[in-house]
There are 2 protein chains.
Amino acid sequence: MTDERRKFKRESAEARKEALILATLELVAENGVRGATVRGIAERADVTQGLIRHYFSSKEELIIAAYEHHMNQMTDLTFAPGAAAGSARARLRAFVDGSLTPPVVDPRALALWASFLNKVQNDPQMKETHQRTYAYFRDRLEALIAVALEEAGRPAPAARLRQLAIACNAVIDGLWLEGGALPDAFGAGELVEIGRQSVAAITGLDLTQEAET
Amino acid sequence: MTDERRKFKRESAEARKEALILATLELVAENGVRGATVRGIAERADVTQGLIRHYFSSKEELIIAAYEHHMNQMTDLTFAPGAAAGSARARLRAFVDGSLTPPVVDPRALALWASFLNKVQNDPQMKETHQRTYAYFRDRLEALIAVALEEAGRPAPAARLRQLAIACNAVIDGLWLEGGALPDAFGAGELVEIGRQSVAAITGLDLTQEAET
DNA sequence: CGAGTAATTATGCAAGTGTATAATTTCTCC
DNA sequence: GGAGAAATTATACACTTGCATAATTACTCG
């Protein structure tokens, strides 16, 4: 009955890093950044803690890598759906829909966002990632609104477009936040419905009709 | 040169608890809940750590007390301004204004909200406080919208009112979030301006005009 | 002004933290 | 199939954490 040294299998650096990052995101979502301990992450990834040091020079570096992984995934999820759709109005509607349905709207996604916020505000590298992601979102939304308004024969000046983009982004963010914070407070499709109506009311564009082929 | 025992002054339980809570909120905003250590809090409150145990049976209890203190303060700040104003439309406008100006819109307030979120999702007592506060906000907003629409001669059914309240709450929350996350991204009064316009567009009420005496 | 009491400080402890380093195992390549 | 190298495990260390408990101080009240 002697304690035997643990068996293991060698994996590619890529696979191991990804596994460690995913385990990190799980624990950060559950317990916050400080609650995601090196030992806990290693256990979740079914690995011993020394390995983390082998792939990341510090816990800090792993956290940053996990944050960037998460942010990239969120933008992909939001923009992938309607990227190829036809009219700008249809793409705008797809953007709203994608932003207000799972897995974007999700308690875990919100928990991750909140958990990272402190570090985002302090760490320069994470701050830069955050600002870049936010600007990407809003610029893309602003461009979509601009084209959709032109399509509708009601082009708007730059200052006005900026306000509309900020406002639409805010409704979407607010609904995303509330949907993640109180998952049982809204019926199926309710957030999408309210999101469409609100963006429509703010921009004056009709987003309720069926998508054109 | 002997180490002398530290001098101190006795304070009322009320004052000490409040000081400890304020110190806790500072540290939670800066470093998150786990980063707010008992020793750090004691130092910030200019007290030794043993005293915390004297007033709160555990760190957990202090955190909960700090959270409730913060939430109460936020609701007071939001509703105090326009409580006595005349028309429902004026009160609605005051609500928007109060929600979108400092100290409600503030990086620290956002950091606190984010830092507490994890515990809010797990701890039943904190969850209850959160849901109660959210419901209070939204019900109050919904009532305000209902009366304002009646004033304007356009009463709305309950289902519609619910949607309008959710939507308006979302814009306000979203703008609050973005104002706190990116304090330098918006000009003075810009959030209030956009907030008024958006709530106006969603509800169909005019909030841009000057307040009536 | 002096005793009693509650507030406050001081000290200690066991568990958990990130990180460094040594010991071993798995795989590749000849 | 065996040597070399890299991946992985194991162990140790200094430090921080929350909490418990003992020692002291400041204030109250007769």
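Residue numbers start from 1 in every chain, and the chains themselves are labelled A, B, ... in the order their sequence lines are given, proteins ahead of strands.
One can find a donor-acceptor pair under 3.5 Å joining the base of D/dG18 and the side-chain atoms of B/R39. Below the 3.5 angstrom threshold, one finds a donor paired with an acceptor across the side chain of B/R5 and the base of D/dA23. In this model, a side-chain donor or acceptor of B/R10 finds a partner on the base of C/dA6 within 3.5 Å.
Spacing between atom CD1 of A/I52 and atom C1' of D/dA10 amounts to 15 Å, rounded to whole angstrom units. The separation between A/R34 atom CZ and C/dT17 atom C1' is 11 Å, rounded to whole Å. Across the protein-nucleic acid pair, B/D46 atom CG and C/dT8 atom P stand 12 Å apart, rounded to whole Å. In this structure, OH of B/Y55 is placed 18 Å from C1' of D/dC19, rounded to the nearest angstrom. The separation between A/K7 atom NZ and C/dA23 atom P is 19 Å, rounded to whole Å. Between the CD atom of B/E14 and the C1' atom of C/dA7 there is a distance of 16 Å, given to the nearest Å. Counting to the nearest Å, the C1' atom of D/dC19 and the NZ atom of B/K59 are 12 Å from each other. Atom NZ of A/K9 and atom C1' of C/dT28 are 15 Å apart (whole Å).
Across all strands shown, B/E11 has heavy atoms under 4.0 Å from sugar-phosphate atoms exclusively, and none from any base. Across all strands, B/T37 comes closer than 4.0 Å only to sugar-phosphate atoms, never to a base (heavy-atom distances).
With no hydrogens or angles considered, no side-chain donor-acceptor pair links B/Y136 and B/R132 at under 3.5 Å.
Checking D/dT9, C/dT19, D/dC19 against the side-chain heavy atoms of B/S58 singles out D/dC19 as nearest. When distances are taken from the side chain of B/F8 to each of C/dT19, D/dC27, C/dT9, the shortest belongs to C/dT9.
The heavy-atom pair separating B/L191 from B/L100 by the smallest distance is O-CD1, 3.5 Å.
Contact between the side-chain N/O atoms of B/H54 and the OP1/OP2 oxygens of C/dT8 is not found at any separation under 4.0 Å.
Heavy atoms of other residues, nucleotides or ligands lying less than 6.0 angstrom from CD of A/E11 number more than 12. Heavy-atom neighbours of B/E43 CD from other residues, nucleotides or ligands within 6.0 Å: at or below the threshold of 12.
With respect to A/R6 and A/D46, a salt bridge is recorded, a charged nitrogen being found less than 4.0 Å from a carboxylate O.
In this structure, B/Q49 and A/R6 both approach DNA chain D, and ranking their closest nucleotides by distance from the 5' end singles out A/R6.
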